[in-house]
Each structure stands twice: as structure tokens, then as C-alpha cells.
*Asks:* 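Structure incoming, see below.
Everything quoted here is computed from the prediction, not taken from an experiment. In listed order, ligands and their atoms are each counted from 1.
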Amino acid sequence: MARKFCVGGNWKMNGDKASITELCKTLCGATLDENVEIVLGCPFVYINFARDLLPCKFNVAGQNCYKVPKGAFTGEVSPAMLKDVGAGWVILGHSERRHVFGEPDELIAEKAAHALAEGLKVIACIGEKLEEREAGKTEAVVASQMAAYAKTIKDWTNVVVAYEPVWAIGTGKTATPQQAQEVHAYLRKWLAENISKEVSDSLRIQYGGSVTAANCKELAAQPDIDGFLVGGASLKPEFIDIINAKK
Ligand code: PEP
């Protein structure tokens with residue numbers, strides 16, 4: 001089954017109205033591969049603003065959400081609220097949520113299930129830390145992160161997994177195409193053995209971690225890499241080259 005290439009930009013806690021206007025102008029004026037699904041992870045407060053600036057071929061995502069629709073959860077945002085301001089997607093389990101804010105696998109999985117139930121599409125992030133890779137634990141770590149998601153996600157149709165080795169995020173150290181492909185192939189095998197062959201064949205797995213215009217083509221050529229989740233470079237015009245990596 002052909003998997004549509006999917007490129008996400010994670011703006012993180014960056015931007016203001018002026019810079020988001022500029023970025024949206026640049027994206028709107030670019031010639032982009034029509035076979036690529038594009039998802040822009042925008043800070044909550046600018047989702048409405050960005051949505052209004054962009055044509056609908058650009059999907060807008062929140063970068064987090066909570067696990068229930070509403071209530072006494074100061075500072076949190078629900079999937080229903082994200083939808084209400086124009087987001088169709090949410091990024092969950094990003095390494096900064098896991099390691100800066102201490103979110104555990106179980107909470108992330110509950111958030112994912114609730115977001116899906118509310119009709120959002122989910123970019124579900126996973127990835128090992130440097131010490132875990134050096135200890136030969138990469139497969140065990142990503143398997144246990146996937147197993148946590150699998151406890152709550154029953155339908156994977158609206159899920160994209162982002163494999164993002166923590167040591168490659170924002171560091172300028174990209175996984176080599178071979179390193180990334182190895183983990184993606186392992187995830188494909190894990191899905192076949194633990195979910196189903198159909199999900200293994202159809203689920204898109206993005207790579208994330210210091211993707212740039214210079215390294216995206218070789219990564220995109222790997223058979224199990226179905227797109228990217230891009231941080232720093234998604235704020236720059238080179239994001240266009242990353243979207244067009246398969247061209
Ligand atoms: C990310 O934030 O998901 C990411 C991969 O960041 P960067 O591309 O800057 O490494």
C-alpha cells in the first residue's frame with residue numbers, strides 16, 4: 001500500500017504574528033509537491049491566526065493537548081478547543097514534553113486516545129535518549145513507547161508515528177539514513193507482530209531530528225521513512241526543500 005509522504009513542521013515556542021505572517025507567505029508562494037501532506041505545529045495562541053493565513057492544503061496542529069474535554073485543569077487545552085480554533089492535528093509525546101515536562105508514556109497514550117476520539121489526527125512521537133542508544137536499548141525503548149500507545153489506540157488510521165531520536169533533536173546530529181532506516185524497519189516489524197500486517201503496511205512513520213535541506217533527500221529515499229517531523233528548519237525557507245524531498 002502506498003503511504004503518502006507526510007512532513008510536519010514543529011514551530012515549538014517560536015514566532016509572533018509578524019514572523020508567522022512571513023512564514024505563511026513564504027509557504028503559500030512556494031511550489032510544493034502535491035503528493036505530500038503538510039502539517040504545521042503551531043503554538044496554541046497562534047493557531048487561529050495561522051489557520052486564517054493558510055489555504056486548506058496546509059494542516060495546522062497543536063503541539064500538545066490534555067486527555068479530557070474540559071474542566072479544572074489550569075493551563076491545559078483540550079482537543080475540542082484545538083478543533084474549535086482550526087487545528088485538525090496534534091503532536092503528542094514530543095521528547096520535550098517527555099523530558100522537559102516529565103510526561104510519562106501512559107499519559108501521552110491517554111491523550112492520544114482522547115484526541116483521536118475527538119476527531120483530531122495525531123503525530124505520536126517516540127525516540128530513545130543517547131545513553132539508551134549507547135547501551136544498545138534503542139529497540140526496547142521504542143517498543144515500549146509503542147506498546148503504551150497500543151494500549152489505548154485501537155484504530156491507527158489517523159495516526160502518524162514520528163521516530164525522533166532524542167540525541168538528534170535540535171543538536172545538528174542527524175541519524176544517518178541507515179540508522180534511521182534500521183529503526184523504522186524495526187518499528188514496521190513491531191507493528192506487524194503486535195498490531196497487524198495491515199497497520200504495519202499503512203502506518204506512516206516520520207523521521208525527526210535535525211532534518212535539513214542538505215540531508216532530507218537521502219533520508220527520504222529510505223524505504224520505511226514516510227516523511228519528517230522538522231523543528232528548527234521548519235521556521236526557515238529551507239522547509240520548502242524538505243517538503244519537496246521526494247521530488
Ligand atoms: C522536533 O522538534 O521535533 C525536531 C526534530 O527538531 P529539530 O528538527 O530542530 O531537530
*Asks:* I need the atoms of ligand 1 closer than 4.0 Å to a non-hydrogen atom of G209, numbered in the order shown.
*Replies:*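 Answer for ligand 1: 5 (C), 10 (O).
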*Asks:* Does a salt bridge link K57 with E34, judged by any charged N lying under 4.0 Å from a carboxylate O?
*Replies:*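 Salt bridge absent between K57 and E34.
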*Asks:* Would you please determine whether S210 falls within less than 4.0 Å of ligand 1 on a heavy-atom basis?
*Replies:*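 Yes.
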*Asks:* At less than 4.0 angstrom from any non-hydrogen atom of G170, what atoms of ligand 1 do you find?
*Replies:*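 The list of qualifying atoms is 7 (P), 9 (O), 10 (O).
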*Asks:* Run the salt bridge (charged side-chain N to carboxylate O under 4.0 Å, His left out) test on R98 and E103 for me, step by step, so that the C-alpha distance in whole Å, both residues' side-chain angles and the decisive distance to 0.1 Å come before the verdict.
*Replies:* CA-CA 4 Å; R98 291 175 184 271; E103 291 189 12; over 6 Å; no
*Asks:* For Q145 and D105, test the side chains for any donor-to-acceptor distance below 3.5 angstrom and give the result as yes or no.
*Replies:*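 There is no such pair between these side chains.
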*Asks:* Could you tell me whether the side chains of N35 and K247 share a donor-acceptor contact shorter than 3.5 Å?
*Replies:*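 No, K247 and N35 have no side-chain donor paired with an acceptor closer than 3.5 Å.
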*Asks:* Please tell me whether Y207 and Q179 have a donor and an acceptor in their side chains that are separated by less than 3.5 angstrom.
*Replies:*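 Absent: no donor and acceptor within the cut-off.
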*Asks:* Can you pull out the closest protein heavy atom to atom 8 (O) of ligand 1? Residue, atom name and distance to 0.1 Å, please.
*Replies:*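 Nearest neighbour among protein heavy atoms for atom 8 (O) of ligand 1, to 0.1 Å: G231 N, 2.8 Å.
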*Asks:* Does K17 count as lying over the ring of F49, i.e. NZ or CZ under 6.0 Å from the six-ring centre, within 45 degrees of the axis?
*Replies:*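 Yes, K17 sits over the ring of F49.
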*Asks:* Looking only at the side chains, is there a donor atom on one of W190 and E139 sitting less than 3.5 Å from an acceptor on the other?
*Replies:*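 The criterion, which ignores hydrogens and geometry beyond distance, is not satisfied for E139 and W190.
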*Asks:* Report yes or no: does a heavy atom of A168 sit under 4.0 Å from some atom of ligand 1?
*Replies:*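 Checking ligand 1 against A168, which is what was asked, there is a heavy-atom contact under 4.0 Å.
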*Asks:* So, are E76 and K67 salt-bridged, with charged N and O less than 4.0 Å apart?
*Replies:*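 Salt bridge: no.
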*Asks:* Below the 3.5 angstrom mark, is there an N/O of E96, backbone or side chain, next to an N/O of ligand 1?
*Replies:*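 The answer is no, given that E96 and ligand 1 share no N or O pair closer than 3.5 Å.
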*Asks:* With atoms numbered from 1 as shown, which atoms in ligand 1 lie under 4.0 angstrom from a non-hydrogen atom of N10?
*Replies:*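 What qualifies from ligand 1 is 1 (C), 2 (O), 3 (O).
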*Asks:* Return the closest protein heavy atom for atom 9 (O) of ligand 1 as residue, atom name and distance.
*Replies:*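 The answer is G232 N, 2.8 Å.
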*Asks:* Would one find an N or O of T171, backbone or side chain, under 3.5 Å from an N or O of ligand 1?
*Replies:*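 No; every N/O pair is 3.5 Å or more apart.
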*Asks:* May I ask you to identify the nearest protein heavy atom to atom 1 (C) of ligand 1, giving residue, atom name and distance to one decimal place in Å?
*Replies:*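 Protein heavy atom at minimum distance: H94 NE2, 3.2 Å.
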*Asks:* Does ligand 1 have a heavy atom under 4.0 Å from the side chain of I169, from its backbone, from both, or from neither?
*Replies:*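 The answer is both.
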*Asks:* For atom 5 (C) of ligand 1, grab the closest protein heavy atom and report residue, atom and distance to one decimal in Å.
*Replies:*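 Of every protein heavy atom, E164 OE2, 3.0 Å lies nearest to atom 5 (C) of ligand 1.
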